[in-house]
Amino acid sequence: PTSPFVAPRLGFDYFVVDSVSIGGSLAYINNSGDSETTTNGVSNGKVDETTTGFLFAPRAGYAFMFSEAVGIWPRGGFTYVSANTKDGVETSSHVFALTLEAMLAIVPAPHAGFTVGPTLDLPLFGSGERKQNNQASVDIDSVKITTIGLQAGVFVWF
């Protein structure tokens with residue numbers, strides 16, 4: 001992935017009272033590689049590409065079990081993402097988003113289960129900076145990334 005929004009996340013949640021959870025997730029990415037473009041079979045040269053970034057997403061939720069094996073766990077919170085890409089041009093961005101998740105909880109065994117459901121990240125605000133070679137940097141006033149996806153996870157509790 002080239003964005004922490006779509007990178008695998010490690011999450012922790014704590015139930016403060018029956019059914020009400022607080023927690024969050026973290027993600028880190030570091031991708032690097034070479035790309036080469038060609039025009040009519042002639043190489044335009046190779047470019048080294050590197051992307052690094054992290055995500056921090058605190059959240060709150062409410063779990064409602066229909067039975068001992070199936071329930072829903074809607075969660076919401078805010079997500080902060082910081083990313084930096086270098087490919088001849090260095091671009092850094094910082095994005096703050098509202099995150100909504102509607103998870104189906106499946107509990108096939110005591111103290112362990114699976115979640116699956118849609119996830120939506122709605123951008124609230126963001127900014128960035130672009131710098132090429134030794135030139136002065138250019139501020140980017142608005143960076144917005146909207147992510148709509150399907151999330152799946154495994155959970156255990158003690």
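Just so you know, these numbers come straight off a predicted model, no measurement behind them. In what follows, every heavy atom counts, from backbone to side chain, and hydrogens, waters and symmetry copies are set aside.
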Quiz: residues 16-27 side-chain donor-acceptor pairs under 3.5 angstrom, not counting sequence neighbours:
{"unit_1": "Ser19", "atom_1": "OG", "unit_2": "Ala63", "atom_2": "O", "d": "3.1"}
{"unit_1": "Ser21", "atom_1": "OG", "unit_2": "Gly61", "atom_2": "N", "d": "3.4"}
{"unit_1": "Ser21", "atom_1": "OG", "unit_2": "Trp73", "atom_2": "NE1", "d": "3.1"}

Determine, stepwise, if the pair Thr52 / Tyr28 fulfils side chain to side chain contact (heavy atoms under 4.5 Å, CB included).
-> CA-CA 8 Å; Thr52 58; Tyr28 175 76; 4.3 Å; yes
Could you grab the distance from atom OG of Ser32 to atom CG of Asp48, nearest 0.5 Å is fine?
-> 8.5 Å
Identify the heavy atoms of Pro108 and Gly113 that sit nearest to each other, and give their distance.
-> CD-CA, 3.8 Å
Apply the test side chain to side chain contact (heavy atoms under 4.5 Å, CB included) to residues Leu120 and Thr99: give CA-CA distance (whole Å), side-chain angles for both, the deciding distance (0.1 Å), then the verdict.
-> CA-CA 6 Å; Leu120 175 65; Thr99 300; over 6 Å; no
Return the minimal non-hydrogen interatomic distance between Ala83 and Pro4, and the atom names on each side.
-> CB-CD, 4.3 Å
Spacing of Ile140 atom CD1 and Arg130 atom CZ [to the nearest 0.5 Å] | 4.5 Å
Hey, are Thr85 and Thr91 close enough side-chain-wise for a donor-acceptor pair under 3.5 Å?
-> no
Residues in ring pair (Phe, Tyr, Trp, His ring centres under 6.0 Å) with Phe66, at least two apart?
-> Phe64
Using distance only, find each side-chain donor-acceptor pair of residues 5-15 under 3.5 Å and give its atom names and separation, not counting sequence neighbours.
{"unit_1": "Arg9", "atom_1": "NH2", "unit_2": "Phe5", "atom_2": "O", "d": "3.3"}
{"unit_1": "Asp13", "atom_1": "OD1", "unit_2": "Arg59", "atom_2": "NE", "d": "3.0"}
{"unit_1": "Asp13", "atom_1": "OD2", "unit_2": "Arg59", "atom_2": "NH2", "d": "2.5"}

CD-CG distance between Glu49 and Asp87, expressed to the nearest 0.5 angstrom = 5.5 Å
Dump the intermediate steps for side chain to side chain contact (heavy atoms under 4.5 Å, CB included) on Ile72 and Met65, then the final yes or no.
-> CA-CA 6 Å; Ile72 57 171; Met65 296 301 289; over 6 Å; no
Taking atom types as modelled, is there a side-chain donor on Ser127 or His94 under 3.5 Å from an acceptor on the other?
-> no
side-chain hydrogen bond (donor to acceptor under 3.5 Å, both in side chains) with Thr119: which residues, sequence neighbours excluded?
-> Gln151
Same cluster for Ile29 and Phe54 if Ile/Leu/Val/Met/Phe/Trp/Tyr side chains link at under 4.5 Å?
-> no
Pairs touching residues 109-152 that satisfy ring pair (Phe, Tyr, Trp, His ring centres under 6.0 Å), sequence neighbours left out = Phe96-Phe125, His111-Trp157
Would you list the atom pairs, donor with acceptor, under 3.5 Å between side chains in residues 142-149 and any protein atom, with sequence neighbours excluded?
none

Closest non-hydrogen atoms of Glu68 and Val107, given as atom of the first, atom of the second and distance, are O-CB, 3.8 Å
Do the charged groups of Glu90 and Lys131 touch, with an N to O distance under 4.0 Å?
-> no
Is it possible for you to say whether Val116 and Val70 belong to one hydrophobic cluster, with membership spreading through side-chain heavy-atom contacts below 4.5 Å?
-> yes
From CA spacing to verdict: side chain to side chain contact (heavy atoms under 4.5 Å, CB included), Val95, Tyr80 | CA-CA 6 Å; Val95 178; Tyr80 173 75; over 6 Å; no
So which heavy atom on Val81 is nearest to which on Thr79, and how close?
-> CG2-CG2, 3.9 Å
